[in-house]
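Scroll down for the structure; my scribbles are underneath it.
In this text the structure is predicted, and so the values were computed from the model without any measurement.
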Amino acid sequence: MRIIGGKYGGRNIRVPKGLPVRPTTDRTKEALFNILNNELEWPEIKVLDLFAGTGNISLECLSRGAAHVTSVDQHAKCIAAIQASFSELSITNAQAIRANVWQFVKQPAADPYGLIFMDPPYDMPRQGELVAQLMENNWLAIDGLLVVEHTSHTQFSALAGFDFSRVYGSSTLSFFRHSR
């Protein structure tokens, strides 16, 4: 796995064996960042990466100049791998937090994020409820963007704030804007 663009483009991401993850494919990641590069001003963006896994998306955002990235995952080995990647690249404007995502976003956000990327396990129930909770608890900034990677069998178009989706094989990226 590698970082595909920006300051750290071309660098490999070391991923320990046995992590409980399904990393975003390079094809989907390239498409995602083509869209994001047209939507965001990277130096001003605070990013929240939920179900961060390997930290793949977090590192891509940092490579493009995100102001700060918070990576959240419940697995200790995932958090250790993300922290190791931050350390290896001498990244100081990011943090990796071990937490259950549902509990992490349960309370209203003190400082909303300009970009939230959420890549839950494809079979995780109630994904739509988690999207709604992020919106209701003000985790997404008014002019922010929420992106959910999910199986193409799941549809989010009926949820508040849904903007558009793009299909990449068995994966879909659904984009949401603040619904207020």
Side-chain contact, heavy-atom cut-off 4.5 Å: [X] with [Y]?
X      : Y      : result
Asn56  : Ile13  : yes
Glu39  : Arg177 : yes
Tyr113 : Leu115 : no
His178 : Asp143 : no
Asn137 : Val105 : no
Leu173 : Val148 : no

Under a 3.5 Å distance rule, please check whether [X] uses its side chain to pair with a backbone N or O of [Y] as donor and acceptor.
X      : Y      : answer
Ser71  : Ala52  : no
Trp139 : Pro108 : no
Asp163 : Phe176 : no
Ser165 : Ser174 : no
Gln127 : Met124 : yes
Asn93  : Gly65  : no
Lys46  : Asp111 : yes
Ser152 : Gly169 : yes
Glu60  : Ile4   : yes

- Message: Tell me if the aromatic rings of His150 and Tyr122 count as close, with their centers under 6.0 Å from one another.
- Response: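 Not close enough - the centres of the two rings lie 6.0 Å or further apart.
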- Query: What about the rings of Phe164 and Phe175, do their centers lie closer together than 6.0 Å?
  - Reply: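 Centroid separation for Phe164 and Phe175: below 6.0 Å.
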From [X] [atom1] over to [Y] [atom2], what is the distance, rounded to the nearest 0.5 angstrom?
X      : Y      : atom1 : atom2 : result
Arg126 : Trp102 : CZ    : CH2   : 4.0 Å
Asp123 : His153 : CG    : NE2   : 12.5 Å
Leu140 : Leu134 : CG    : CG    : 8.0 Å
Ile91  : Leu59  : CD1   : CG    : 5.5 Å
Met118 : Asp49  : CE    : CG    : 11.5 Å
Leu62  : Ile3   : CG    : CD1   : 8.5 Å

Do you know which two heavy atoms are closest between [X] and [Y], and how far apart they sit?
X      : Y     : value
Ala67  : Pro43 : CB-O, 3.5 Å
Gly114 : Leu40 : O-CD2, 4.3 Å
Phe86  : Ala96 : CE1-N, 4.1 Å
Cys78  : Gly53 : CB-O, 3.2 Å
Tyr8   : Leu89 : OH-O, 3.8 Å

- Item | Lys/Arg-Asp/Glu bridge criterion (N-O < 4.0 Å) met for Glu149, Arg166 |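 No salt bridge links Glu149 with Arg166.
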- Task: Over 60° means perpendicular and under 30° means parallel, so classify the ring planes of Trp42 and Phe33, tilted if in between.
- Result: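 Ring orientation, 0 to 90° scale: parallel.
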- Partners of Arg98 by side chain to side chain donor-acceptor pair (under 3.5 Å), sequence neighbours excluded?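 Arg98: no side chain to side chain donor-acceptor pair (under 3.5 Å) contacts found.
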- Do Val167 and Val147 share a hydrophobic cluster (ILVMFWY, side-chain heavy atoms under 4.5 Å, transitive)?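 No.
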- Item | Passing candidate, side chain to side chain contact (heavy atoms under 4.5 Å, CB included) with Asp73, options Ile79, Asn100, Val101, Leu50 |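 So, applying the side chain to side chain contact (heavy atoms under 4.5 Å, CB included) to Asp73 and each of Ile79, Asn100, Val101, Leu50, only Ile79 qualifies.
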- Item | Criterion side chain to side chain contact (heavy atoms under 4.5 Å, CB included) on Thr151 and Thr172, from CA distance to verdict | CA-CA 6 Å; Thr151 177; Thr172 296; over 6 Å; no
- Message: Is there a side chain to side chain contact (heavy atoms under 4.5 Å, CB included) between His68 and Val47? Walk through the geometry before answering.
- Response: CA-CA 6 Å; His68 188 271; Val47 178; over 6 Å; no
- Assess whether side chain to side chain contact (heavy atoms under 4.5 Å, CB included) is satisfied between Glu88 and Gln83, documenting all intermediate values. CA-CA 9 Å; Glu88 185 177 318; Gln83 289 171 332; over 6 Å; no
- Message: Taking the six-membered ring of Tyr168 as reference, does the cationic atom of Arg27 (NZ for Lys, CZ for Arg) lie under 6.0 Å from its centre and within 45° of its axis?
- Response: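 No, Arg27 does not lie over the aromatic ring of Tyr168.
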- Message: If you apply the rule side chain to side chain contact (heavy atoms under 4.5 Å, CB included), what do you find for Gln133 with Lys106, and how did you get there?
- Response: CA-CA 7 Å; Gln133 187 173 5; Lys106 190 174 187 176; 3.8 Å; yes
